[in-house]
Number of protein chains: 2
Amino acid sequence: MSTKTVPLFLQEAMSHPQARVCAACEVRRTALFGALDLASLERIHAHIGSPSLPAEAVLYGRGRQGDAVYTIRSGIVRFERVSESGERRIVRVAGRGDLIGQEALLGRRYMDDAVACTPVEVCRIPATLVDHLGEAEAALLRELMRRWHQALEEAEAWSADLSTGPARRRMLKLLAVLVRHADEHGMIWLPRRDQIGDMLGIALETASRLVSQLKRDGVLELLPASRARLDPDRLDAALDEAS
Amino acid sequence: MSTKTVPLFLQEAMSHPQARVCAACEVRRTALFGALDLASLERIHAHIGSPSLPAEAVLYGRGRQGDAVYTIRSGIVRFERVSESGERRIVRVAGRGDLIGQEALLGRRYMDDAVACTPVEVCRIPATLVDHLGEAEAALLRELMRRWHQALEEAEAWSADLSTGPARRRMLKLLAVLVRHADEHGMIWLPRRDQIGDMLGIALETASRLVSQLKRDGVLELLPASRARLDPDRLDAALDEAS
DNA sequence: CGAGCCGTTGAGGGGATTCAAGCTCAGTGG
DNA sequence: CCACTGAGCTTGAATCCCCTCAACGGCTCG
């Protein structure tokens, strides 16, 4: 499917099997450790785990002392907060190639609940590991800041786009976000109705009505297992006329 | 008002007058360059400007190539976005001691319009300057990431707290944010009604009604020049019963 | 003094919420 | 095998909160 990014002879040179896996990893080019050269990779390989989680699994909880950062290899993760008043709000989502839980690198507590939306594969990178690298690898730090920037951009765009205007337009913009995380078959993950509600700040019934309406309009086609296919042209058209 | 943080003899040792100003700066302890030692300060002094801006001045515009970061010495700055549909949304605010425009360090475009809410004093720090320091000063990079973390936290909290629930509760939570930026006299900056609207995602008339109501309830006391005093106890009480 | 901006308040309508009922579907156990 | 159950989704009806439209008052400024 994708060509290897590392020449064969270099792979041979690596003693540890995990190092080979990392070197060949498809998300590596876009992931945090894409900034590292192969030598560095070799040095740290032993510490990196690559767990898989089922949908709805909690990666980490808000307030917990951060001990690791994660690179998402596949799947979608959402960030939740619960207000003092007890309502849940989903503040953003992350997908393949994204780095999450960066606050662990600062020895801080996690900011949000991170929950798997779909089955998720991640690389787990202990926070201390990056500490030790930090002194030497300036490129890594730069890449790290780029990630931080990206997260902030995402969070601000989320709040600007998804929590303003009539419910239908918010729903359409949410779909526009979700297509960015479409899988290889062009199918998107469609949240449960109450989750859509928590993303857009609307009632779950309203979310349901909107989904039904978009289904009738031919924008959205519902499939089993929280999946859906959507018509890009009709989505654009709908977004336009929602001005 | 505040005691000097730098012994006199050290100030004497500094050749450049700007270096003295920086060393004595009251926000320095909490600002980005608090992480730098005096020697570093001495080295970079020449490049730092400290302009003042009137209220409503635009510090930088979204999309512009970033060329400098700013530390806010006094005043309040808001971050705006305009959606494709033409509506303005204020995604967060920053105050004294905050670092803004960090994306410039990555050679990126500014994410938002940054606009002065009150008269504002800043330190302007060229992006290249930090580049040159970057290799040597690990402490600075760590501090930088802490700022990034803080901005993200702010943005997420903003969207979680201020764009959900009934309008009155959002208004109260906005006031809770604004008291954090209160001046030395305990007075807060109260946005114009349309700005409140853009912060909370409500109509300006609704914002006006809420302000009037809070005034009647004794929570808020309006003063000239977009200033206000608020009763902390009554604010808490109001927040409680808004559950 | 008229023009324009900002804020306030009222009236009316509409979109979203709330309350409620019914539907599908998967899992469970008689 | 099938009733039973509960979770998730849909749809309807009534209510209400907020938006829109509108008029008006205070203030500054040319």
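Throughout, protein chains are lettered first and strands after them, A, B, ... in sequence-line order, and every chain is numbered starting at 1.
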Exercise. OP1 or OP2 of C/dC6 sitting under 4.0 Å from any side-chain N/O of B/Arg192?
Worked result: yes
Donor-acceptor pair, A/Trp158 side chain versus A/Ile90 backbone, under 3.5 Å?
yes
Looking only at D/dC19, C/dG7, C/dA16, the nucleotide nearest the B/Arg193 side chain is C/dG7
In short, A/Arg170 meets A/Gly201 closest at the heavy-atom pair NH1-O, 4.0 Å
Worksheet item: Side chain of A/Ser212, backbone of A/Ser208: donor and acceptor closer than 3.5 Å?
Response: yes
query: With no hydrogens and no angle check, is any side-chain donor or acceptor of A/Gln195 less than 3.5 Å from a backbone partner on A/Arg192?
result: yes
By side-chain contact (heavy atoms from CB on, under 4.5 Å), A/Arg234 pairs with (sequence neighbours left out) A/Val219, A/Asp231
Contacts of A/Arg92 meeting side chain to side chain donor-acceptor pair (under 3.5 Å) (sequence neighbours excluded), chain-then-number -> B/Glu156
For the backbone of B/Asp67 and the side chain of B/Tyr110, can you confirm whether one donor and one acceptor N or O come within less than 3.5 Å of each other? yes
Of D/dT11, D/dC19, C/dT8, the nucleotide closest to the side chain of B/Ala203 is D/dC19
Of A/Arg89, A/Arg78, A/Arg81, A/Arg88, the one forming a side chain to side chain donor-acceptor pair (under 3.5 Å) with A/Asp198 is A/Arg88
Q.
Is there a side-chain contact between A/Ser212 and the phosphate of D/dT11, meaning an N or O under 4.0 Å from OP1 or OP2?
A. yes
A/Asp194 CG to C/dT17 C1', in whole Å, measures 16 Å
Please confirm whether the backbone N or O of A/Gly107 pairs with a side-chain atom of A/Arg109, one donor and one acceptor, at under 3.5 Å? no
Base-pair string, DNA chain C, Watson-Crick plus G-U, cut-off 3.5 Å on both distances, | for inter-strand, is ||||||||||||.|||||||||||||||||
Expected list for residues 163-171 of chain B near DNA chain D, using heavy atoms below 4.0 Å, is B/Pro166, B/Ala167
Is the shortest distance from a Lys or Arg side-chain nitrogen in A/Asp183 or A/Arg227 to a carboxylate oxygen in the other one below 4.0 Å?
yes
Hey, is the main chain of A/Pro191 close enough, under 3.5 Å, to the side chain of A/Ser226 for a donor-acceptor pair? no
Q) Would a distance-only check, ignoring hydrogens and angles, find a side-chain to backbone donor-acceptor pair under 3.5 Å from B/Arg96 to B/Ser74? A) no
Under a 4.0 Å heavy-atom criterion, the protein footprint on nucleotides 22-27 of chain C, written with B, S and -, is ------
Atom CG of A/Leu210 and atom C1' of C/dG15 are separated, to the nearest Å, by 11 Å
Nucleotides 21-30 of chain D: which of its N/O atoms have a protein N/O under 3.5 Å away?
from   : atom 1 : to       : atom 2 : distance (Å)
D/dC21 : N4     : B/Glu205 : OE2    : 3.3

In whole angstroms, the gap separating P of D/dC9 from CG of A/Leu190 amounts to 9 Å
Quick one: is B/Ser208 getting a side-chain N or O under 4.0 Å of the C/dG7 phosphate, OP1 or OP2?
-> no
Checking D/dC19, C/dT8, C/dT9 against the side chain of B/Arg216 (C-beta onward), the nearest is C/dT9
Quiz item: At under 4.0 Å between heavy atoms, what does B/Gly201 touch on the DNA or RNA strands: base, sugar-phosphate, or nothing?
Solution: sugar-phosphate
Give a yes or no on whether a salt bridge exists between B/Arg64 and B/Glu103, defined as a side-chain N under 4.0 angstrom from a carboxylate O.
no
Of all heavy-atom pairs linking A/Arg62 and A/Asp113, the shortest is N-OD1, 2.7 Å
Here the distance between atom P of C/dG7 and atom CG of B/Leu222, to the nearest Å, is 10 Å
